[in-house]
Amino acid sequence: MPSVTLERSRKKRLEHAHPWVFKNEIASVDGSPEPGDVVNILNHQGRYLATGYYNPTSQITVRVVSYQPLEFEQMDTAFFAARFRDCLRHRERFIQDGEAYRLVYGEADFLPGLIVDRFGSILVVQILTLGMDRCREAIVQALIEVMQPEGIYERSDVSIRELEGLEQVKGPLYGDCPRHVTVTENGLLIKVDIVEGQKTGYFFDQRENRAAIEPLMKGWGYKSGITMQQIEHEGTEQMLPVNKSGKVVTFPYWDGATVLECFSHTGSFTLNACKYGAKKVTCLDISEHAIESARTNVDLNGFTDRVEFVVADAFQYLREQVKGLDERNARARAAEQKVDTSKALSSAGKTFDVVILDPPAFAKTKSAVKGACRGYKDINLQGMKLVNEGGYLVTASCSYHMRPDLFLETIADAAEDAGKVLRLIDWKAAGKDHPQILGVDEGHYLKFAIFEVRSKKN
């Protein structure tokens, strides 16, 4: 088998389980491998370290697929079938809710450059590298063997392929692939557009995080003066919600939160908010297509009466609400001072018990981090200003280059400017179908936090 020998002075990342070999780490190449061929990786003393596939045109020249020599010196159908069985066993152990999850997660499943998402009987494949692209037929055949899907659809329409000298492609690879598939997550029905939806159509990495908002959705009736009381009602003693006027409250979601979800995509946080008892949810995205997807999912689950949909830029919407809130606060102070308040107020100025911010990646490269910090600070600053006293800010970042400490520092800066005190209630990463290899920082991309928001001054 061809081999690459590494420089003596390189960092020992490979020994720490990092699966990438960069071009400047290679001292020599032996055996004239073709792009996409499997090669052994040797240290400067000629000792075997790992096996990977080779692409001399990429800065990541070798990607590791095994820490033992491959039996048949190639990535064939049998190789992929064995890996897919391992992937399936892991998901079946940890994902108990239906048959919708990330089945293959690239490097973390020892299959760098390959993503496979399962939507019931339909699989969506994303092939990102030349080495995997050359194995396309073996990948499809192995998926058929292990998963017996009704259809396999490819969503390799991503620009990262161009760094590998590949064109962007999409389309069916096997069987019958409907554009829309309906799956279950956290007991909710989700209709996914696998053809035009973002990435592979849905983001499974926030599954557990969406469920984590459950405790935030109830316990708000006290704000309206509603309490549970033992009273006589319809001839029997019952424990019922009663308002300040002594009347029984019949609205079933009287104790629920008011919620704003920004960057809603398919409305997944909105669905979970409604499931767990939210009173009213504002579901916002800049994309008409995303809002239509969210609307469909809300209707599917019977939550239509509790959700309003907004097509708008989240930054602009948040600023407008903060501006309206400032106007109302100024009006209240003016009224106390007997100043003319006849001028009409804007319709903005809404506040919420829970504000959820789940934006796309603001920093896709290291050079974009500075601008991303401004973006994250701005959106969290405006978002926390709209949280009612003692309410919650739910915020996330999927930018790998936005490291956890920097993300928290940015939010802390926003809190200082907003005059808020934040209490960290929960901190999470991606779900169990997105495992992480220790030592591979690139896999630690998702940060998810829940903060309680309090004002320094009333």
For [X], all residues meeting side chain to side chain contact (heavy atoms under 4.5 Å, CB included), sequence neighbours excluded:
{"X": "Cys373", "answer": "Val369, Met402, Leu406, Thr410"}
{"X": "Val310", "answer": "Thr282, Leu284, Ala312, Tyr317"}
{"X": "Ala418", "answer": "Leu381, Met384, Lys385, Lys420"}
{"X": "Ile286", "answer": "Asp313"}

Between [X] and [Y], does at least one N-O distance fall below 4.0 Å, as a salt bridge requires?
{"X": "Glu452", "Y": "Arg454", "answer": "yes"}
{"X": "Lys377", "Y": "Glu416", "answer": "no"}
{"X": "Asp378", "Y": "Arg319", "answer": "yes"}
{"X": "Glu145", "Y": "Arg85", "answer": "yes"}
{"X": "Asp86", "Y": "Arg89", "answer": "yes"}
{"X": "Arg179", "Y": "Asp193", "answer": "yes"}
{"X": "Arg161", "Y": "Glu164", "answer": "no"}
{"X": "Arg155", "Y": "Asp157", "answer": "yes"}

Using 30° and 60° as the class boundaries, would you call the ring planes of [X] and [Y] parallel, tilted or perpendicular?
{"X": "Tyr376", "Y": "Phe362", "result": "tilted"}
{"X": "Phe269", "Y": "Phe448", "result": "parallel"}
{"X": "Tyr67", "Y": "Phe110", "result": "perpendicular"}

The criterion is side-chain hydrogen bond (donor to acceptor under 3.5 Å, both in side chains); which residues satisfy it with Tyr202, sequence neighbours excluded?
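side-chain hydrogen bond (donor to acceptor under 3.5 Å, both in side chains) check on Tyr202 returns Glu185, Arg210.
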Set of side-chain hydrogen bond (donor to acceptor under 3.5 Å, both in side chains) partners for Arg83, sequence neighbours left out:
none
Residue pairs fulfilling salt bridge (charged side-chain N to carboxylate O under 4.0 Å, His left out) with at least one residue in [range], sequence neighbours excluded:
{"range": "residues 252-264", "answer": "none"}
{"range": "residues 429-446", "answer": "Arg207-Asp433"}
{"range": "residues 103-112", "answer": "Arg63-Glu107, Arg91-Asp109"}

For a 4.5 angstrom cut-off between non-hydrogen side-chain atoms, does [X] reach [Y]?
{"X": "Phe84", "Y": "Ile139", "answer": "yes"}
{"X": "Ile190", "Y": "Leu300", "answer": "no"}
{"X": "Leu189", "Y": "Leu271", "answer": "no"}
{"X": "Val440", "Y": "Pro19", "answer": "yes"}
{"X": "Glu162", "Y": "Gln168", "answer": "yes"}
{"X": "Leu114", "Y": "Val125", "answer": "yes"}
{"X": "Val65", "Y": "Pro112", "answer": "yes"}
{"X": "Gln126", "Y": "Val116", "answer": "no"}

Would you check if there is a donor-acceptor pair between the side chains of Ser397 and Tyr445 at a distance under 3.5 Å?
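No, no side-chain donor-acceptor pair sits under 3.5 Å.
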Quick one: does any side-chain atom of [X] pair with a main-chain N or O of [Y] as donor and acceptor, under 3.5 Å?
{"X": "Arg118", "Y": "Gly120", "result": "yes"}
{"X": "Thr395", "Y": "Ala449", "result": "no"}
{"X": "Asp426", "Y": "Ile450", "result": "no"}

Please determine whether the number of non-hydrogen atoms from other residues, nucleotides or ligands lying under 6.0 Å from atom CD of Glu308 exceeds 12.
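Yes, CD of Glu308 has more than 12 neighbouring heavy atoms, counting only those of other groups under 6.0 Å.
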More than 12 heavy atoms of other residues, nucleotides or ligands under 6.0 Å from NZ of Lys12: is that the case?
yes
Is there any ring pair (Phe, Tyr, Trp, His ring centres under 6.0 Å) pair reaching into residues 415-441, and which pairs are they, with sequence neighbours excluded?
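For residues 415-441: Tyr105-His434.
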Show me the pairs that pass ring pair (Phe, Tyr, Trp, His ring centres under 6.0 Å) and involve residues 149-198, at least two apart or across chains.
none
is_close_aromatic(Phe204, Phe119), centroid dist under 6.0 Å
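Yes; Phe119 has its ring centre under 6.0 Å from that of Phe204.
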Given the side-chain rings of Phe451 and Tyr392, with only the six-membered ring counted for Trp, is the space between their centroids under 6.0 Å?
no
All heavy atoms of Ala142 vs all of Phe80, minimum pair found to be CB-CB, 3.6 Å
Sequence neighbours excluded, the answer for ring pair (Phe, Tyr, Trp, His ring centres under 6.0 Å) partners of Phe251 is Tyr253
